Each structure stands twice: as C-alpha cells, then as structure tokens.
Amino acid sequence: MKRVKQWGSVAVLALGLSMIVCGGENQVTSEKVRTMINNELAVGSSSQDIEQFFKTHDLPFSYDKYAKKYHSIIRNVSPDPKVDQAIDIDLYVDDEKKFTKEEVRDTFTAP
C-alpha cells in the first residue's frame, strides 16, 4: 500500500510539472516562478526550506558558496519552438544560509 501512495505522489507531481512546462494557460513564466517563490519562501527561510522548494517542484539546483546563492534553470519554456528560452533562478542567502532575496529572469540563446 505504501508503494501505491508513493507512485500516486509521483504521478501528481509529474502531472503538475507537465502543466507548468506545457503551453497554454499553464505556461511557465518568470512571473509565475517569482510568485511561487514569494508564496513558499519567506526572507529568513532555512537552506533546508530552499532545497525542499527545488525538490518539491522537481527543479535541479546547485549551491555556490562563494556567491552565496542557490541556482536553477528551467529550460525550454517558450511556446514558440524556434525560440530557445529559459528561466534563470537565483536564491541568495546570508552567512547562515538563510534566504535573503530572489532573482528570476528570462534568458534567450541565439543559434
């Protein structure tokens, strides 16, 4: 029974992520990501909270101890297949690795 619940959770997460990444009304945008961060992380949130945010949304991330930030990229977000667009996410922390601010921006790559 436990395995069924785990797979059910995975299916719900996959469905949610596909809705974010697919086009239409559920198209992921930098504004939606920014809103999601601000709704789920408060200034002062712990590094565990930040990492759980990325894991919950199935976003790969890394931590740069020199720049004091977590970094993630959501790739291929443009509804136009001719446009290579990504959303670049930086979550900055203080010396105790507590959340201080976010930077979310659209990036474009030319062929």
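Note that the coordinates shown come from a computational prediction; the quantities given were computed from them, not determined experimentally.
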Backbone N or O of Pro60 within a donor-acceptor pair of the Ser72 side chain at under 3.5 Å? yes
From Phe53 CZ over to Leu59 CG, what is the distance, rounded to the nearest 0.5 angstrom? 6.5 Å
Mind checking whether Tyr63 and Ile50 have side chains closer than 4.5 Å, heavy atoms only? no
Is the shortest heavy-atom distance from the side chain of His71 to the side chain of Asp64 under 4.5 Å? no
Non-hydrogen side-chain atoms of Ile37 and Phe99 separated by less than 4.5 Å: yes
Any chance you could pull the hydrophobic cluster mates of Val83, using side-chain heavy atoms under 4.5 angstrom and chaining through other members? Phe108
Contacts of type side-chain hydrogen bond (donor to acceptor under 3.5 Å, both in side chains), residue Gln48, not counting sequence neighbours: Ser46
Decide whether Ile87 and Phe61 are clustered together by the hydrophobic rule: side chain heavy atoms of Ile, Leu, Val, Met, Phe, Trp, Tyr closer than 4.5 Å, transitively. yes
Check whether Tyr92 and Met36 end up in the same hydrophobic cluster, where Ile, Leu, Val, Met, Phe, Trp and Tyr are linked by side-chain heavy atoms less than 4.5 Å apart. no
Would you mind reporting whether Glu40 and Asp49 have side-chain heavy atoms less than 4.5 Å apart? no
If you round to the nearest 0.5 Å, how far is CD of Glu103 from CG of Leu91? 10.0 Å
Nearest 0.5 Å, what's the NZ-NZ distance between Lys69 and Lys97? 14.5 Å
Could you grab the distance from atom CG of Asp94 to atom NZ of Lys101, nearest 0.5 Å is fine? 12.5 Å
Kindly write out the residues that satisfy side-chain hydrogen bond (donor to acceptor under 3.5 Å, both in side chains) with Thr100, not counting sequence neighbours, or none if the list is empty. none
Could you walk me through whether Asp88 and Arg105 pass the salt bridge (Lys or Arg N to Asp or Glu O under 4.0 Å) check? CA-CA 5 Å; Asp88 193 62; Arg105 60 198 158 277; 2.7 Å; yes
Val104 and Ser30 have their tightest heavy-atom pair at CG1-O, 3.6 Å
